[in-house]
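Numbering of residues begins at 1 and proceeds along the displayed sequence. When a ligand or atom number is given, it counts from 1 through the structure's own listing order. The analysis underlying the following values was restricted to heavy atoms, covering all of them including side chains, and did not include hydrogens, waters or symmetry mates.
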Amino acid sequence: MIRSVLLGTGSALPKACVSNEELAKRVDTSDEWIRERTGITQRYIAAEGETTGSLGAAAAQAALDDAGLTIADIDLIVLATATPDNTFPATATQVQMRLGGKGFPAFDVGAVCSGFLYALTTADAMLRSGMAKRAIVIGAETFSRILDWDDRTTCVLFGDGAGAFVIEAQDVAEDGAGIIASRLHADGEHGEMLYVDGGPSTTGEVGKLRMKGREVFRHAVANLSSVLKEVLEQAGHEPADIDWVVPHQANFRILDATARKLGLPMEKVVVTVDQHANTSAASVPLAYDVARKDGRIKKGDLVMLEAMGGGFTWGASLLRA
Ligand code: ACO
């Protein structure tokens with residue numbers, strides 16, 4: 001069967017790392033509050049000149065290097081972001097140009113924190129249908145640019161960064177490598193729980209992030225545990241078969257509560273929210289890259305990716321590394 005097989009991963013972070021203590025000098029908060037409620041200890045914040053496009057391109061180049069490929073081997077780029085460099089052109093086209101590519105399709109996908117799952121599932125479908133052979137799938141964000149730095153209930157939670165996968169269509173055996181099953185969902189009824197209060201067609205301004213944190217928390221745990229069950233059922237696997245879960249890194253307590261609901265030990269959950277905070281669409285490929293490069297995720301492991309974000313949107317994808 002034709003599956004999209006992961007050939008390489010990469011990630012990129014801004015140079016500046018901001019600890020909770022440093023943040024507490026600018027915002028009415030404390031290291032203790034942030035750690036206890038979220039597990040976050042630090043985040044990376046983009047400086048002038050560092051953008052979603054520059055971080056996305058650096059992550060994509062690292063993924064190409066990891067796969068032992070060049071841009072000439074690629075015929076599709078799908079980039080997930082809610083913080084594009086400009087309203088248009090799509091940031092994916094600018095990443096293509098930065099990498100030295102031309103001609104093949106490159107486009108952005110917007111599903112906020114679940115954007116990478118949406119982008120990966122779209123690229124996977126295009127690869128399996130024969131529309132492309134090798135894709136770079138990127139999650140890249142600079143949420144620091146849409147935060148209200150006077151709102152302590154949101155600004156302490158997010159960071160900037162990018163992660164990327166290189167995937168290739170391969171004819172594999174049923175127990176072989178590649179993306180096995182994916183499910184995506186959306187429910188616009190809850191749009192006002194997590195949104196940006198501006199945009200080109202409404203205010204003409206970029207706007208700032210607004211969130212009802214408690215409600216988001218409740219929905220996140222319920223939606224994530226249900227989509228994980230759906231994907232496992234579709235793939236004919238049990239929670240116990242999973243070697244690693246690479247979740248969207250929103251909050252340690254969401255990761256913990258979701259794992260508990262599925263009866264999965266936290267030792268199987270990749271946690272990077274402490275180091276990166278919530279990097280939205282970048283968080284899943286960033287966390288995957290960290291866990292693969294430090295030796296946790298090995299070839300042949302069964303890995304579940306999952307995310308939930310504004311919209312609401314949510315999804316999960318099961319792959320064999
Ligand atoms: N520092 C200090 N105190 C704070 C801060 C802060 N940064 N933020 C809020 N507080 C105070 C509040 O003012 C409130 O004070 P009060 O009791 O005197 O009124 C108190 O802390 C409790 O506030 P709550 O909002 O009720 O705190 P809660 O325990 O719900 O935690 C949090 C807030 C961390 C946002 C939590 O609701 C959460 O994690 N929600 C999930 C949201 C999320 O992760 N979103 C990411 C995007 S969506 C996704 O990726 C899944």
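Interface atoms of ligand 1 facing L194, defined by a heavy-atom separation under 4.0 Å, are 47 (C), 48 (S). Residue-ligand proximity, N278 to ligand 1, at heavy-atom distances under 4.0 Å covers atoms 46 (C), 47 (C), 50 (O). Taking every non-hydrogen atom of V156 and a distance limit under 4.0 Å, the qualifying atoms of ligand 1 come out as 7 (N). Per-residue contacts place T29 under 4.0 angstrom from the following atoms of ligand 1 (heavy atoms of the residue considered): 1 (N), 2 (C), 6 (C), 7 (N). Listed by atom number, the atoms of ligand 1 under 4.0 Å from M308 heavy atoms are 49 (C), 50 (O), 51 (C).
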In residues 72-80, what donor-acceptor pairs under 3.5 Å come from side-chain atoms, sequence neighbours left out?
from, atom 1, to, atom 2, distance (Å)
D73, OD2, T70, N, 2.8
D75, OD1, K133, N, 3.0
D75, OD1, R134, N, 3.0
D75, OD2, K133, N, 2.9

N/O donor-acceptor pairs under 3.5 Å from side chains in residues 301-321, not counting sequence neighbours:
from, atom 1, to, atom 2, distance (Å)
D301, OD2, W244, NE1, 3.4
D301, OD2, K298, N, 2.9
T313, OG1, A111, O, 2.9
T313, OG1, S114, OG, 2.5
T313, OG1, G310, O, 3.4
S317, OG, S182, OG, 2.8
R320, NH1, G300, O, 2.8

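No N or O atom of S30 sits closer than 3.5 Å to an N or O atom of ligand 1. The shortest N/O to N/O separation between I254 and ligand 1 does not fall below 3.5 Å. Considering backbone and side-chain N/O atoms, T38 never comes within less than 3.5 Å of an N/O atom of ligand 1.
The proximity of T153 to ligand 1, defined as any non-hydrogen pair under 4.0 Å, involves the side chain as well as the backbone.
Closer than 4.0 Å to atom 17 (O) of ligand 1 lies none of the heavy atoms of the protein. At least one protein heavy atom sits closer than 4.0 Å to atom 29 (O) of ligand 1. Distance check on atom 25 (O) of ligand 1: every protein heavy atom falls at or beyond the 4.0 Å cut-off. Proximity of atom 32 (C) of ligand 1 to the protein is not indicated, since no non-hydrogen protein atom lies closer than 4.0 angstrom.
By heavy-atom distance, the residue among R214, R152, E215 lying nearest atom 7 (N) of ligand 1 is R152.
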